[in-house]
**Q** 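Take a look at this one; I'll ask things after.
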Amino acid sequence: VQLQASGGGLVQAGGSLRLSCAASGSIFSRGVMGWYRQAPGKQRELVGTITATGSETYADSVKGRFTISRDNAANTVYLQMNSLKPEDTAVYYCNYFYLRYYWGQGTQVTVSS
């Protein structure tokens, strides 16, 4: 499975962005997709996950602001980010788990105050 994340950019605080992660491979619909982020000088942290059946979990810091969705037919998972804050600035990574972990390259999100 190969993952390709896109959609990052520069946005003002309070704005929105939607990240996409396109996956190759026929097993995409079976696994758990996740979004992680890593801010400068900090450890990578989990943003949220979505299972094959659509169950979602979120970090407390993004609950109510971020939404993960997936389109199994398109082999794509999305991260809708609303009400962005400067502390959301990070490189965002998508991740896929089915028997093992797969990681995509990151996409930079910068939120200006």
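Throughout, residue positions are numbered sequentially from 1 according to the sequence presented. The basis for the numbers below is simple: all heavy atoms, side chains too, and nothing from hydrogens, waters or symmetry mates.
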**Q** Report whether Leu99 and Tyr96 are members of the same hydrophobic cluster (ILVMFWY, side-chain heavy atoms less than 4.5 Å apart, transitive linking).
**A** yes

**Q** Please name all residues satisfying side-chain contact (heavy atoms from CB on, under 4.5 Å) with Gln105, sequence neighbours left out, ordered by chain then number.
**A** Gln4, Ala5

**Q** Tell me which pairs pass salt bridge (Lys or Arg N to Asp or Glu O under 4.0 Å) where either residue lies in residues 43-54, with sequence neighbours left out.
**A** Arg37-Glu45

**Q** In the structure I gave you, are the side-chain heavy atoms of Arg65 and Asp88 within less than 4.5 Å of one another anywhere?
**A** yes

**Q** Between atom OG1 of Thr76 and atom CG of Leu3, what is the distance when rounded to the nearest 0.5 Å?
**A** 10.5 Å

**Q** Sequence neighbours left out, what pairs pass disulfide bond (SG atoms under 2.5 Å apart) with at least one residue falling in residues 32-88?
**A** none

**Q** Between atom CE of Met33 and atom CG of Asn95, what is the distance when rounded to the nearest 0.5 Å?
**A** 7.0 Å

**Q** For Tyr78, which fellow cluster members are found when Ile, Leu, Val, Met, Phe, Trp and Tyr are connected by side-chain heavy-atom distances below 4.5 angstrom, either directly or through intermediates?
**A** none

**Q** Give me each pair satisfying salt bridge (Lys or Arg N to Asp or Glu O under 4.0 Å) with a member in residues 70-81, each pair once, sequence neighbours excluded.
**A** none

**Q** Any disulfide bond (SG atoms under 2.5 Å apart) pairs touching residues 59-91, not counting sequence neighbours?
**A** none

**Q** Using modelled atom types and a 3.5 Å cut-off, is there a donor and acceptor pairing between side-chain atoms of Thr107 and backbone atoms of Tyr92?
**A** no

**Q** Does some side-chain heavy atom of Ile68 sit less than 4.5 Å from a side-chain heavy atom of Tyr58?
**A** yes

**Q** Connecting only ILVMFWY residues whose side-chain heavy atoms lie within less than 4.5 Å of each other, what is the rest of Phe97's hydrophobic cluster?
**A** Tyr36, Leu46, Val91, Tyr93, Tyr101, Trp103

**Q** Which residues pass the side-chain hydrogen bond (donor to acceptor under 3.5 Å, both in side chains) test with Thr53, not counting sequence neighbours?
**A** Thr51

**Q** Does anything in residues 27-88 form a disulfide bond (SG atoms under 2.5 Å apart)? List the pairs, not counting sequence neighbours.
**A** none

**Q** Considering only distance and modelled atom types, tabulate donor-acceptor pairs under 3.5 Å from the side chains of residues 6-21, sequence neighbours left out.
**A**
unit_1: Ser16; atom_1: OG; unit_2: Asn82; atom_2: OD1; d: 2.9

**Q** Can you list everything that forms a side-chain hydrogen bond (donor to acceptor under 3.5 Å, both in side chains) with Gln2? Sequence neighbours excluded, please.
**A** none

**Q** Please test Val111 against Glu87 for side-chain contact (heavy atoms from CB on, under 4.5 Å), starting from the C-alpha separation and ending with a verdict.
**A** CA-CA 8 Å; Val111 184; Glu87 50 264 43; over 6 Å; no

**Q** Is there any salt bridge (Lys or Arg N to Asp or Glu O under 4.0 Å) pair reaching into residues 46-62, and which pairs are they, with sequence neighbours excluded?
**A** Asp60-Lys63

